[in-house]
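Inspection log for the structure reproduced underneath, given as structure tokens.
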Number of protein chains: 2
Amino acid sequence: MAAGQQKTRTTRIQARNREAILTAALEVFSTFGFRGSTLDQIAEVAGLSKPNMLYYFGSKDAIHAELLAGLLDTWLDPLRALDPEGDPVAEIIAYVHRKLEISRLYPRESRLFANEILQGAPRIMAALAGELKELVDEKAAVLKLWADAGRIAPLPPHHLIFSIWALTQHYADFDVQVRAVLGEGHDPFAEADAFLDTLFRKLLAP
Amino acid sequence: MAAGQQKTRTTRIQARNREAILTAALEVFSTFGFRGSTLDQIAEVAGLSKPNMLYYFGSKDAIHAELLAGLLDTWLDPLRALDPEGDPVAEIIAYVHRKLEISRLYPRESRLFANEILQGAPRIMAALAGELKELVDEKAAVLKLWADAGRIAPLPPHHLIFSIWALTQHYADFDVQVRAVLGEGHDPFAEADAFLDTLFRKLLAP
DNA sequence: TGGCGATTTGACCATCTGGTAGAAATTGCG
DNA sequence: CGCAATTTCTACCAGATGGTCAAATCGCCA
């Protein structure tokens, strides 16, 4: 019988194992992609046997779906926090820093997302065209108001948001390339933090 | 005996089939990643039987390797063309446009590359730390000279190059997300072309 | 401590996948 | 045309993979 339902409450063991499985799956899926990952691989990282893992999540798809479901919120939270009442430049710069910080702290989540999009977003297209588009349109409207009021430079708001995504996620998704090109003795994220601050301050100045 | 070697020259059939295989493999690999793609899939797209395909390329790895080998040059050419003797801002802006044009024309190549990097660049790490780093260091030195001479804004040259890559490739690799968020009635690449022109002109102004 | 549901396991299965063997068909060239 | 080299196809294989199942073990608490 599947875990966590009807008469019995969630046990300590359930919580521990589900957590272990999701952590392991994130590690493996984000590195090899969905079809490139195997249940044996995930089970080994999680420290469980394959049948035992399947006792908690009925299928490979179920594990992947659970990961993706939790992802979009983490993804959108920093943008939600952009305050229409705040100082325009300060708000946008703060968003850039938050987004970069998330790239630094959660590179595996970033890569999982990137993998999904690269493959045509078969499992989250609905969320992209729904929830995501809605939030972006809302915030883009705020940016447009700021631009019209002359408080930031007049830039296409959607593309301004895209540019923040592109620049911050690049440091997570293309980490190995960044490090390979920079060579030894660099802290990519620290440098990026300073660089992006400069970049957007200059770009946004009216 | 493998195709194209010793006593016999490359035949018309060889050229046609190798081309068909590589085109099909690019399509499939760039969509599903290496491990997510199957030989049957590629063979079907190429219009050949699997054994026939393996007659031209001995293994799945061989096909993939051939694709990657050709990739880096296409990738670096636009940067090579950056002329140290030219006008700084014009040269950099031209590079941005070239890179975006390549994203538009060769999105599959871009995604193939992104897939490889996302998975830790196991097959092209050497090229990244060698050929790529070398070229980037060389051009970064040029950017630094321009900055020191006050002809462009003083920005960390490596990160300036990264920002060009991130912004242009985003429109190829995250195409589905961009289109989902923009909705109907947009030409992402045309808009990006104008936006990035504005962005870098503003950023580079001393 | 006995009992019962929750958890874990080993053995197993059907399918898929990369790759091979060798015969048959086709091609190109003197 | 005649024939050797090239190209293609059918049949097949061994290993990997996602998933199942019945039996064994664990852990909680009445």
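These figures come from a predicted structure and were not determined experimentally. Sequence lines set the chain letters: A, B, ... in the order given, protein chains first and strands last, and positions in each chain run from 1.
- A donor-acceptor contact shorter than 3.5 Å links the side chain of Glu91(B) to the backbone of Asp83(B).
- Asp77(A) and Arg98(A) are not joined by a salt bridge, as no carboxylate oxygen comes within less than 4.0 angstrom of a charged side-chain nitrogen.
- Rounded to whole angstrom, the span from the CE atom of Met53(A) across to the P atom of dT8(C) amounts to 13 Å.
- A straight line from OH of Tyr56(B) to C1' of dA5(D) spans 12 Å, rounded to a whole angstrom.
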Show your reasoning for whether side-chain contact (heavy atoms from CB on, under 4.5 Å) applies to Glu66(A) and Arg18(A). CA-CA 11 Å; Glu66(A) 182 100 355; Arg18(A) 286 179 59 93; 3.0 Å; yes

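- Distances shown here put every side-chain N or O of Gln14(B) at or beyond 4.0 Å from the OP1 or OP2 atom of dT6(D).
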With the criterion being N/O to N/O and under 3.5 Å, what pairs connect the protein with nucleotides 23-28 of chain C, and how long is each?
none

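- The phosphate of dT9(C) has OP1 or OP2 within less than 4.0 Å of a side-chain N or O from Ser49(A).
- Taking atom CZ of residue Arg16(A) and atom P of nucleotide dT7(C), one finds them 10 Å apart after rounding to whole Å.
- Following rounding to the nearest Å, Ile42(A) (CD1) and dA16(D) (P) show an atom-to-atom distance of 18 Å.
- Between Asn17(A) and dT8(C) there is a side-chain polar atom (N or O) within less than 4.0 angstrom of OP1 or OP2.
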Every protein N/O within reach of nucleotides 14-18 of chain C N/O, cut-off under 3.5 Å:
from	atom 1	to	atom 2	distance (Å)
dG18(C)	OP1	Ser37(B)	O	3.1
dG18(C)	OP1	Lys60(B)	NZ	2.9
dG18(C)	OP2	Leu39(B)	N	2.8
dG18(C)	N7	Lys50(B)	NZ	2.9

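- Listed here is the closest heavy atom pair of Ser37(A) and Lys60(A): O-NZ, 2.7 Å.
- Residues satisfying the side chain to side chain contact (heavy atoms under 4.5 Å, CB included) criterion with Thr198(B), sequence neighbours excluded, are Leu155(A).
- A donor-acceptor pair under 3.5 Å is absent between the side-chain atoms of Lys50(A) and the main chain of Asp40(A), judged by distance alone.
- A salt bridge links Arg104(B) and Glu101(B); the closest N-O separation between the charged side-chain nitrogens and carboxylate oxygens is under 4.0 Å.
- Checking the phosphate oxygens (OP1, OP2) of dT20(D), no side-chain nitrogen or oxygen of Tyr55(A) falls inside 4.0 Å.
- For the pair Ile21(B) CD1 and dT7(D) C1', the computed distance is 12 Å after rounding to whole Å.
- Side-chain N/O atoms of Asn52(A) include none lying less than 4.0 angstrom from OP1 or OP2 on dT7(C).
- The pair Asp175(A)-Arg111(A) does not meet the salt-bridge criterion, since no charged nitrogen lies less than 4.0 angstrom from a carboxylate oxygen.
- With respect to Arg80(B) and Asp73(B), a salt bridge is recorded, a charged nitrogen being found less than 4.0 Å from a carboxylate O.
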